[in-house]
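Worksheet for the structure shown next.
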Protein chains: 2
Amino acid sequence: MSIVHYEKYDSLLVAVDCIVFGFDGSELKALLIKRDFEPQIGKWSLMGGFIHQDESADDAAVRILNRLTGLDNIYMEQLHCFADVNRDPGGRVLSIAYFALININDYSQQLMFTHNAQWYSLKDVPELIFDHNTMMKAALEHIRSKAANHPVGFALLPAKFTLPQLQNLYEAIYDSKMDKRNFSRKLLSLNILIKLNEKDKASSKKGAFYYIFDEENYKRLEHEGIKFI
Amino acid sequence: MSIVHYEKYDSLLVAVDCIVFGFDGSELKALLIKRDFEPQIGKWSLMGGFIHQDESADDAAVRILNRLTGLDNIYMEQLHCFADVNRDPGGRVLSIAYFALININDYSQQLMFTHNAQWYSLKDVPELIFDHNTMMKAALEHIRSKAANHPVGFALLPAKFTLPQLQNLYEAIYDSKMDKRNFSRKLLSLNILIKLNEKDKASSKKGAFYYIFDEENYKRLEHEGIKFI
DNA sequence: TCCAATAAGTGTAAATTTTACAATTATATA
DNA sequence: TATATAATTGTAAAATTTACACTTATTGGA
C-alpha cells in the first residue's frame, strides 16, 4: 500500500465539546462552566478542548470529561459534528459534540469550584458561547429520542434507586407527568429491574423499595431497543 | 468580543465521505467508486473529499454529492464523525460520514462511467478502503432505526410508486418479508399516501395503483416520528 | 373467446398492548 | 392513637398488532 502525504493547506482545528447531563432526583441538569479564559471570558459554555494530533475524538472527549469531572468510565456518545464556517468567531474550528451522562452525586464540590462549574436546570440554561445552546438543544432531543427506544437511567441514577425516582427521571426527560401505575407496569415488564429488600425512607413515611438494574438485561435492551413511547 | 488566534499546531485534515443509498424497486443499493487515484488506487471506496477552509461540512457534502451525481437537493444527513488516529494510513484525517438517499433513476450512466461508479447490492458490497465498510454498516443501521420511527421512501422512490414497491423498500431495508395486508393497513393509516387513478402495469397483469406522498403530512411525520416497528 | 397464470387487493378474529382511572397500605410524627 | 404522606396495587375499555387466505383484474396463450 502506498503512503501519500496529503497537502496540509486545508487542515482545520477540531474541538470536542461535552454536554454533560446529571439528575438530582427530580430535575435534569446540565453541567456548565464559566470561562476564566479567552475567548469570551466570563461567559458560560460547555466544557471543551482541541483534539490532539495523536488522539482520537473519543479519547479527546474522555480526556476532557476526566479533566472536568475527575471521573473515568463516563457514559458518553458522539452527538454531532458542528462545522459551520463562522460558528467560532476566533477562527475556523469544527466541534464534535459529545453527550455524556453522569451520576450527579459523583461530582465533587472541589471540582465544581476548580472549574467554575455549575449545574443548571435545563429550563434555566443561560446564553452560552458560540453554538453551544444549539448543541445543548440537540443533546436534549437526543436523550428524548433515545429514552423512547432504549432504557435510560443506568448512568444517571445511583446504583440503588426507587421506582418513584426512576419515574421522576423519565418525567424530567420529557418534562411531563406520567401515570405511576402504567409506568411501573411498563418498566417492570422489561425485566431490567431487581427489587431489593430495603427501602428508601428519605421522601416518604412509608418508604419506597430500592431497585438496582439487571446489568445484563439492561445492556441487552440498550442494544436491541425497547418501545417506551 | 475579543478575537483570538488559536495556535495551529494541532489542526487536522477533515474529510467528508458519503454513503449513498438507492432503491431499484426490489433491492437497496449503495453507490461506490473505484478509485483511479492514490491512495489505494484500484480499490473501492465511498465518494469523499476534504473540507475546505471556507465551507461547512454540510456544504462540502453537498459539493461532493453534486460532483458524483450531478444532483442538487439530495436528501442528506450527517451520520457520524470517524476520528480514529490511524483510520487513514496516509495521515491523520478525520472523516465526517454523510448518509444520502437518492432515486436510483436520477443517476446518469454518463456519471457512473465518469466516476468509475457502481451500484452494489448491500449484500455484495466489496472490501472498501480505510474504515469505509464500518461507515457503510453504520449507515445501514441508521436507515433501519430511522425507518422504524419515521416515514421513509420520499427520497428513494420515484414520484409515483405503488404499494408493492413501497413494501419492497421496507423489506429491503429490513431484509425480511412482511405481510402485505398488515403493511398496507399500517401505511394507509398514516395518511401520507395519496392514491392516483392510474396503474403501473409493469409487474402484473392486474396492475398496481400508483400513489404519491402527501408532502405536508410526510414532512410532519418525519419530524414528529411514527411507530413503524 | 375462454382459460390459465400472475400479482394486487381486501377482512376478520384473537391476542396483546395501551390507556384511563382510585382505593389501600405502610410508616412517621403530632 | 389519629393524621398526614407518599408508595403500592388492579381492572375494564380501547386501540393496536398479529396471523391468516380468498377474490379480483388483467394479459397472453390455448
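Proteins come first, then strands; the chains are lettered A, B, ... in the order of their sequence lines, and each starts at number 1. Keep in mind it's a predicted model, so treat the numbers as computed, not measured.
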Expressed in angstrom and rounded to an integer, what is the separation of [X] atom [atom1] from [N] atom [atom2]?
{"X": "Y210(B)", "N": "dA8(C)", "atom1": "OH", "atom2": "P", "answer": "12 Å"}
{"X": "L188(A)", "N": "dA7(D)", "atom1": "CG", "atom2": "P", "answer": "15 Å"}
{"X": "K199(A)", "N": "dA7(D)", "atom1": "NZ", "atom2": "P", "answer": "10 Å"}
{"X": "L196(A)", "N": "dA7(D)", "atom1": "CG", "atom2": "P", "answer": "17 Å"}
{"X": "M178(A)", "N": "dA20(C)", "atom1": "CE", "atom2": "P", "answer": "13 Å"}
{"X": "N182(B)", "N": "dA13(C)", "atom1": "CG", "atom2": "C1'", "answer": "13 Å"}
{"X": "L163(B)", "N": "dA8(C)", "atom1": "CG", "atom2": "P", "answer": "10 Å"}
{"X": "D200(B)", "N": "dG9(C)", "atom1": "CG", "atom2": "C1'", "answer": "15 Å"}

Proximity of Y170(B) and F228(B) rings by center, below 6.0 Å: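 Yes, the ring of Y170(B) comes within the 6.0 Å limit of the ring of F228(B), centre to centre.
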Any side-chain N or O of K180(A) below 4.0 angstrom from OP1/OP2 of dA7(D)?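 No, K180(A) has no side-chain N/O under 4.0 Å of OP1/OP2 on dA7(D).
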Can a side chain N or O of K205(B) be found less than 4.0 Å away from OP1 or OP2 on dG28(D)?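 No, no such contact exists.
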Upstream residue (5' side of DNA chain C) when G207(B) and K227(B) are each assigned their closest nucleotide: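 It is G207(B) whose nearest nucleotide is closer to the 5' end.
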So, does N168(A) use its side chain to make a donor-acceptor pair with the main chain of G25(A) at under 3.5 Å?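 Present.
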Relative to the 5' end of DNA chain D, which residue comes earlier, D179(A) or A208(A), by the nucleotide with the nearest heavy atom?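 Looking at DNA chain D, the more 5' nearest nucleotide goes with A208(A).
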What I'd like to find out is whether the side chain of L94(B) reaches to under 4.5 Å of the side chain of I96(A), using heavy atoms alone.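 Touching, per the 4.5 Å side-chain cut-off.
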Reckon S203(B) touches a base, only the sugar-phosphate, or nothing at all at heavy-atom distances under 4.0 Å?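 Sugar-phosphate, no base atom in range.
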So what does K201(A) hit on the nucleic acid, given a heavy-atom distance under 4.0 Å: a base, only sugar-phosphate, or nothing?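 Sugar-phosphate, no base atom in range.
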Name the orientation class of the two ring planes belonging to F213(B) and F154(B) (parallel below 30°, tilted from 30 to 60°, perpendicular beyond 60°).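 Plane angle between 30° and 60°, so tilted.
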Is the base of dT11(D) touched by the side chain of R185(A) through a donor-acceptor pair closer than 3.5 angstrom?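 Side chain to base: pair present.
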I want to verify a distance call: between dA26(C), dT19(C), dG9(C), whose nearest atom is closest to the K206(A) side chain?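 Output: dA26(C).
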Listed nucleotide nearest any side-chain atom of R181(B), set dT18(C), dA8(C), dA21(D):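 Out of dT18(C), dA8(C), dA21(D), the nucleotide with an atom closest to R181(B)'s side chain is dA21(D).
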Is the shortest side-chain N to carboxylate O distance from D200(B) to K160(B) below 4.0 Å?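 No, this pair does not count.
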